[in-house]
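Only one structure is covered here, and it is reproduced in the block below.
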Amino acid sequence: MFGHRYTPRGVSYLLHRPGWSPQVPAHRAVERDEQAVARWRSEQWSRVGGRSSSWARG
């Protein structure tokens with residue numbers, strides 16, 4: 001958009017400068033549908049090209 005490219009680590013440095021950090025929910029939502037999550041991971045995540053090790057685990 002602005003003609004600049006950053007590595008994921010570079011973005012991390014930029015976000016940490018003002019004090020931002022990754023946030024992880026303390027609890028899972030009661031409404032969470034584990035079957036829908038598994039289906040999304042197998043169908044959609046593979047199309048995105050993400051690594052399985054990059055999934056948030058909990």
Side-chain angles (χ1 to χ4, degrees):
M1 182 178 208
F2 297 106
H4 294 280
R5 291 180 175 257
Y6 289 99
T7 63
R9 186 64 186 147
V11 172
S12 176
Y13 282 132
L14 289 173
L15 293 175
H16 277 88
R17 273 189 201 166
W20 290 18
S21 64
Q23 301 295 307
V24 179
H27 305 284
R28 286 196 174 159
V30 174
E31 300 87 1
R32 180 179 168 118
D33 182 356
E34 292 296 332
Q35 290 177 341
V37 171
R39 188 172 47 252
W40 181 88
R41 283 183 175 170
S42 66
E43 296 171 5
Q44 299 295 324
W45 190 247
S46 61
R47 285 200 273 168
V48 172
R51 299 183 327 253
S52 61
S53 62
S54 65
W55 297 342
R57 297 177 192 230

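In this text, all values refer to a predicted model and were calculated from it rather than measured experimentally. Counting begins at 1 with the first residue of the sequence.
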*For side chain to side chain contact (heavy atoms under 4.5 Å, CB included), just list the numbers for Arg9 and Tyr13, CA-CA rounded to whole Å, side-chain angles, deciding distance to a tenth of an Å, and then say yes or no.*
CA-CA 6 Å; Arg9 186 64 186 147; Tyr13 282 132; 3.4 Å; yes
*asked:* According to a hydrophobic-cluster definition based on side-chain heavy atoms being under 4.5 Å apart (Ile, Leu, Val, Met, Phe, Trp, Tyr only), do Leu14 and Trp20 belong together?
replied: yes
*asked:* Can you confirm whether Arg28 sits close enough to Glu34 that some side-chain heavy atom of one is under 4.5 Å from a side-chain heavy atom of the other?
replied: yes
*Check whether any side-chain N or O of Gln23 sits under 3.5 Å from a backbone N or O of Ser21 as a donor-acceptor pair, and report yes or no.*
yes
